[in-house]
Amino acid sequence: QVQLVESGGGLVQPGGSARLSCAASGIIFSISVMGWYRQPPGKQRELVATIGSGGNTTYADSVKGRFTISRGNAKSTVYLQMNSLKPEDTAVYYCYAGGVRTPIGTSYYWGQGTQVTVSS
């Protein structure tokens with residue numbers, strides 16, 4: 001019954017910015033960690049950024065200084081602010097939620113993915 005709904009993908013010019021959003025729905029008691037992964041065309045899925053319940057963050061070296069991950073006040077949403085975008089950032093971006101506590105246990109979930117294309 002838990003779903004992660006993503007939005008904010010689309011076509012962006014090199015050097016531009018975009019903001020991705022992900023909202024968790026369902027009967028959820030708490031979420032330990034949320035993050036973003038991406039899968040470029042023809043490549044494997046890779047970590048972009050994560051944020052824990054205490055606000056601690058991690059970033060892939062390729063996006064440090066350009067991307068910022070954050071969580072909403074209710075801790076059921078996560079955002080990814082992407083600045084100075086490059087063509088190599090083009091990928092399907094997936095939202096992730098781990099340590100999701102529900103009435104039937106604890107598990108992890110993935111969003112459906114949203115396409116981000118950086119091109120002129």
S.K.: Look up atom CZ in Arg101 and atom OG in Ser32, then write down how far apart they are to the nearest 0.5 Å.
M.R.: 8.5 Å
S.K.: Would a distance-only check, ignoring hydrogens and angles, find a side-chain to backbone donor-acceptor pair under 3.5 Å from Thr90 to Val118?
M.R.: yes
S.K.: When hydrophobic residues are tied together by side-chain contacts of less than 4.5 Å, even through go-betweens, does Ile69 share a cluster with Tyr37?
M.R.: no
S.K.: Could you see if Val2 belongs to whatever hydrophobic cluster contains Tyr108? Use Ile, Leu, Val, Met, Phe, Trp, Tyr and a side-chain cutoff under 4.5 Å.
M.R.: no
S.K.: Got a sec: does the CD of Glu88 have more than 12 other heavy atoms crowding it under 6.0 Å?
M.R.: yes
S.K.: What distance separates Thr114 OG1 from Tyr94 OH, expressed to the nearest 0.5 Å?
M.R.: 10.0 Å
S.K.: Closest heavy-atom contact between Ala18 and Val12?
M.R.: CB-CG2, 4.0 Å
S.K.: Other residues, nucleotides and ligands only: do more than 12 of their heavy atoms fall within 6.0 Å of CD on Gln112?
M.R.: yes
S.K.: Shared ILVMFWY cluster between Tyr79 and Val63, side chains joined below 4.5 angstrom?
M.R.: no
S.K.: Show your working on side chain to side chain contact (heavy atoms under 4.5 Å, CB included) between Gln115 and Leu11 and close with a plain yes or no.
M.R.: CA-CA 8 Å; Gln115 176 70 47; Leu11 178 63; over 6 Å; no
S.K.: Check this for me, if you would: do Asp61 and Lys64 make a salt bridge, where the nitrogen-to-carboxylate-oxygen distance has to be below 4.0 angstrom?
M.R.: yes
S.K.: Residues two or more places apart in sequence or in another chain: which of them pass side chain to side chain contact (heavy atoms under 4.5 Å, CB included) with Ser25?
M.R.: Gln3
S.K.: Hey, does the side chain of Arg66 reach the backbone of Ser84 with a donor-acceptor pair shorter than 3.5 angstrom?
M.R.: yes
S.K.: Given 3.5 Å as the limit, does a donor-acceptor pair link the side chain of Gln39 with the main chain of Val92, or not?
M.R.: no
S.K.: If you look at every heavy atom in Pro14 and Ser119, which pair is closest and at what distance?
M.R.: CD-C, 3.6 Å
S.K.: So do Val78 and Tyr96 actually touch side chain to side chain, heavy atoms under 4.5 Å?
M.R.: no
S.K.: Ignoring hydrogens, what is the shortest heavy-atom contact between Ser17 and Gln81? Give both atom names and the distance.
M.R.: CB-NE2, 4.0 Å
S.K.: Between Val116 and Asp89, is the side chain to side chain contact (heavy atoms under 4.5 Å, CB included) condition met? List the steps.
M.R.: CA-CA 8 Å; Val116 175; Asp89 294 319; 5.8 Å; no
S.K.: Would you please name every residue forming a side chain to side chain contact (heavy atoms under 4.5 Å, CB included) with Ser107, sequence neighbours left out?
M.R.: Tyr109
S.K.: Minimum heavy-atom separation for Leu47 and Ala60, please, with both atom names.
M.R.: O-CB, 3.4 Å
S.K.: Is there a path of hydrophobic side-chain contacts, each under 4.5 Å between heavy atoms, that joins Val33 and Leu20?
M.R.: no
S.K.: When you compare the side chain of Arg45 with that of Trp110, does any pair of heavy atoms fall below 4.5 Å?
M.R.: yes
S.K.: So which heavy atom on Arg71 is nearest to which on Ile31, and how close?
M.R.: NH2-O, 3.3 Å
S.K.: Are any of the side-chain heavy atoms of Glu46 and Arg38 separated by less than 4.5 Å?
M.R.: yes
S.K.: Should Tyr93 and Tyr59 be regarded as members of a common hydrophobic cluster, given that ILVMFWY residues are connected when their side-chain heavy atoms come within less than 4.5 Å of each other, either directly or indirectly?
M.R.: yes
S.K.: Starting from the C-alpha separation in whole Å, work towards a yes-or-no answer on side chain to side chain contact (heavy atoms under 4.5 Å, CB included) for Phe67 and Leu85.
M.R.: CA-CA 9 Å; Phe67 291 10; Leu85 283 163; 3.8 Å; yes
S.K.: How close do Ser70 and Arg19 get, counting heavy atoms only, and between which atoms?
M.R.: OG-NH2, 4.4 Å
